[in-house]
Amino acid sequence: MLLGGLSILIVSLVVFCWITKPVTAYKLALREWQETPSDERVGIVLCGLAVTIFFIVIRCAPSVYQYFK
C-alpha cells in the first residue's frame with residue numbers, strides 16, 4: 001500500500017510540474033506582450049493571421065484541386 005501511495009504522489013508531482021511550466025511561460029509572455037508598443041502588436045497579430053490563413057489554404061489546396069479536376 002505504501003508503494004502505491006508513493007507512486008501516486010510522484011505522478012501527481014510530475015503532473016503538477018508539467019502544468020505549471022506552461023502557466024509560468026504564459027504569464028511571462030503576457031507581461032512581455034503588455035510591454036510591447038501598440039503598433040508592433042498590430043504587426044505581430046497581422047503576421048500571425050497571415051501565417052494561419054496561409055496554412056489553411058495550403059491544407060485545403062489538394063481537396064480543392066480534386067474537386068475541380
(message) Going by side-chain contact (heavy atoms from CB on, under 4.5 Å), name the residues that satisfy it together with P22, two or more places apart in sequence or in a different chain.
(response) none
(message) Taking transitive links into account, so neighbours of neighbours count too, which hydrophobic residues share a cluster with V15 at under 4.5 Å side-chain distance?
(response) V11, W18, I19
(request) Taking side-chain contact (heavy atoms from CB on, under 4.5 Å) as the test, write out the residues that go with W33, two or more places apart. (result) R41, I44, V45
(message) Can you list everything that forms a side-chain contact (heavy atoms from CB on, under 4.5 Å) with K69? Sequence neighbours excluded, please.
(response) Y65, Q66
(request) Report the hydrophobic cluster partners of V23, with the cluster defined as I, L, V, M, F, W, Y residues connected by side-chain heavy atoms closer than 4.5 angstrom, directly or transitively. (result) none
(message) Taking transitive links into account, so neighbours of neighbours count too, which hydrophobic residues share a cluster with F55 at under 4.5 Å side-chain distance?
(response) V51, F54, I58
(message) Applying side-chain contact (heavy atoms from CB on, under 4.5 Å), can you list everything that pairs with I56, at least two apart in sequence or on another chain?
(response) T52, C60
(message) Could you list the cluster mates of I53? Members are the ILVMFWY residues connected by side-chain heavy atoms closer than 4.5 Å, either directly or through other members.
(response) V57
